[in-house]
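It should be emphasised that the depicted structure is a prediction, and the values quoted were computed from it without experimental measurement. Position 1 is the first residue of the sequence; numbering continues from there. All heavy atoms count here, side chains included; hydrogens, waters and symmetry mates do not.
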Amino acid sequence: MFFGGDSDFQRLLRESGFDSSDLRGEASTNCTHPAILEFPNLMRRKSIASAIACFLICLYLFILLAIVCDDYLVPSMERLCYTLRLTYDVAGATFLAAATSAPELFVAFVGTFITKGDIGVGTIVGSSVFNVLGIATVCGIFTGVTAKLDWWPITRDTLWYLVSITLLFLVLLDSKVQWWEATIMLSLYFVYLITLIFDRKLQKMCRSLEGERELMDEDPMLREEEPLMTFRQHVCSKPEKGAPCIEVTWWVIKYPAIFILAITTPSVRTIFFFTMFMAVLWISGISYLLAWFLTVVGYNIGIPDSIMGLTVLAVGTSVPEVVSSYIVTRKGYGSMAMCNAIGSNTFDIFICLGLPWLLKAIIESTFVLIHSEGITITVAMLVATIVLLYACFLLTKFTLGKTVGWMSLITYVLFLTCAIAIEIVGENLNHCDLENDAYTDLLHKNF
């Protein structure tokens with residue numbers, strides 16, 4: 001929809017007696033509004049310079065996000081696991097999933113209360129497919145690690161994800177979300193958390209446990225290999241004398257990001273809960289900027305929003321999950337990575353959608369209207385992706401390696417091909433041209 005980026009214009013519209021859908025319905029007879037209008041009123045004129053600048057900024061934001069996850073988020077998760085005596089799979093499905101899903105929660109609140117559109121649903125559904133298949137691809141192919149996973153946590157989180165998808169389908173079936181439906185969504189997530197708290201007791205009832213191999217028994221503060229860094233070590237780190245030129249160049253490029261993070265985020269050797277909180281704030285802000293600038297790039301080079309949403313933006317909002325999962329897989333915590341991938345989707349549906357819907361339904365004393373014409377296809381895609389991933393693990397006896405990675409990649413390519421073909425056949429690629437004066441006059445003629 002249009003008025004998300006211009007909150008003042010949207011307020012003026014409502015005060016004048018119009019609903020945003022009034023103009024949308026009149027203007028959309030020949031075209032649909034581009035997604036760039038969901039963001040602040042900057043860089044909306046097509047410009048090669050803007051596209052290049054946004055692309056370069058996105059590259060640096062990826063570097064910044066990788067440093068946040070590697071130096072702050074993942075180490076704080078390690079300290080959390082050790083302090084609470086959590087298994088890695090439970091930590092991945094809860095704290096890590098919630099931390100990396102902060103951008104989706106932010107977007108869902110914006111879509112529900114500010115733009116009053118379906119951007120939250122679209123973002124979460126779009127990133128869910130990439131979370132499942134993309135993370136399996138990256139961790140399986142590019143980490144160089146072959147990890148033998150326990151079947152229990154993968155099966156547990158897969159079943160809960162299927163429950164969340166089923167509930168989402170039932171809630172959106174009539175395109176209206178009632179307060180009690182949102183309450184059920186939130187309640188089920190707390191039931192999920194309770195099952196995770198008593199996970200080991202539930203396992204003992206179903207099978208014999210093989211030791212404590214997934215339970216952290218080493219204090220991260222005392223380890224000699226990959227020790228946790230202090231503020232001084234972050235700020236004063238530099239290449240060794242005689243280091244290759246490419247290493248020095250890389251350090252010069254990323255040092256501004258290292259310095260900014262060091263002075264705004266406490267070292268993980270201090271109060272790690274506060275470190276985690278600041279890392280989540282950084283991840284949320286970076287993810288929003290990535291979505292904005294990637295949208296600008298797509299708009300300038302003429303990529304339709306429907307294709308951008310399925311590809312670039314879905315990947316952009318899932319970058320925190322990918323980066324954190326890659327890092328923990330390299331450290332040998334394969335179960336934590338995959339439970340983060342699946343658990344993030346469960347968190348997205350139950351919390352990132354359920355919480356804003358419940359608050360809006362209570363505040364406005366009415367239901368939340370959601371446009372869900374394609375809910376059947378959406379649910380089918382979500383179910384198909386998780387079932388195919390689980391089938392890959394069954395075929396490989398729950399081994400996260402190149403086989404699962406390549407199978408996930410092929411499945412993701414097939415999904416994109418089918419989804420883009422549906423968009424083309426459905427003639428959903430005709431978007432309004434903001435450079436067209438007639439289109440601009442149509443938007444403003446009622447004022």
Side-chain angles (χ1 to χ4, degrees), residues 52-81 95-96 99-103 106 138-139 142-144 220-294 315-333 336-337 340:
I52 294 175
C54 287
F55 179 74
L56 294 177
I57 293 173
C58 285
L59 292 180
Y60 202 79
L61 288 175
F62 281 120
I63 296 174
L64 185 62
L65 189 59
I67 297 174
V68 172
C69 293
D70 194 13
D71 290 352
Y72 298 96
L73 181 63
V74 172
S76 62
M77 288 294 167
E78 290 180 316
R79 288 200 61 185
L80 180 68
C81 288
F95 291 100
L96 188 58
T100 54
S101 293
F106 172 77
V138 172
C139 294
F142 299 105
T143 59
M221 297 283 286
L222 303 177
R223 70 185 180 198
E224 298 180 359
E225 183 180 356
E226 296 184 4
L228 303 181
M229 298 177 66
T230 63
F231 171 80
R232 181 183 295 274
Q233 290 173 327
H234 280 296
V235 175
C236 300
S237 62
K238 58 182 180 180
E240 297 179 357
K241 291 183 178 180
C245 181
I246 188 172
E247 182 178 335
V248 176
T249 303
W250 176 242
W251 176 81
V252 171
I253 291 174
K254 70 178 185 178
Y255 185 77
I258 295 174
F259 181 77
I260 292 173
L261 289 173
I263 62 176
T264 57
T265 309
S267 167
V268 73
R269 299 189 71 90
T270 58
I271 305 175
F272 65 89
F273 271 106
F274 188 48
T275 303
M276 188 186 307
F277 174 75
M278 292 302 300
V280 169
L281 290 183
W282 269 106
I283 289 172
S284 300
I286 293 171
S287 299
Y288 179 80
L289 292 176
L290 278 174
W292 179 15
F293 293 145
L294 289 174
V315 175
T317 54
S318 297
V319 168
E321 286 90 345
V322 174
V323 173
S324 58
S325 295
Y326 175 87
I327 294 171
V328 297
T329 301
R330 293 275 297 179
K331 291 176 176 290
Y333 314 143
M336 189 177 191
N340 173 36

Listed partners of Phe231 passing ring-ring contact (aromatic ring centres under 6.0 Å, His included), at least two apart:
none
About how many Å separate CG of Leu96 and SG of Cys69, when rounded to the nearest 0.5 Å?
8.5 Å
Of all residues at least two apart in sequence or in a different chain, which pass the ring-ring contact (aromatic ring centres under 6.0 Å, His included) check with Phe272?
none
Can you find a heavy atom in the side chain of Leu228 that is under 4.5 Å from one in the side chain of Ser267?
no
So how far is it from Leu73 CG to Trp282 CH2, rounded to the nearest 0.5 Å?
14.5 Å
Trp251: what forms a ring-ring contact (aromatic ring centres under 6.0 Å, His included) with it, not counting sequence neighbours?
Tyr255
Shortest non-hydrogen pair, Ala257 vs Ile67, comes out as CB-CD1, 3.9 Å
Measure the shortest side-chain to side-chain distance between Asn340 and Val328 over non-hydrogen atoms and say whether it is less than 4.5 angstrom.
no
Please tell me if the side chains of Lys331 and Met336 come closer than 4.5 Å, counting only heavy atoms from C-beta onward.
no
Non-hydrogen side-chain atoms of Trp292 and Leu289 separated by less than 4.5 Å:
yes
Got a donor-acceptor contact below 3.5 angstrom from the Thr265 side chain to the Ala262 backbone?
no
Closest non-hydrogen atom pair, Ile63 against Lys254
CG2-CB, 4.0 Å
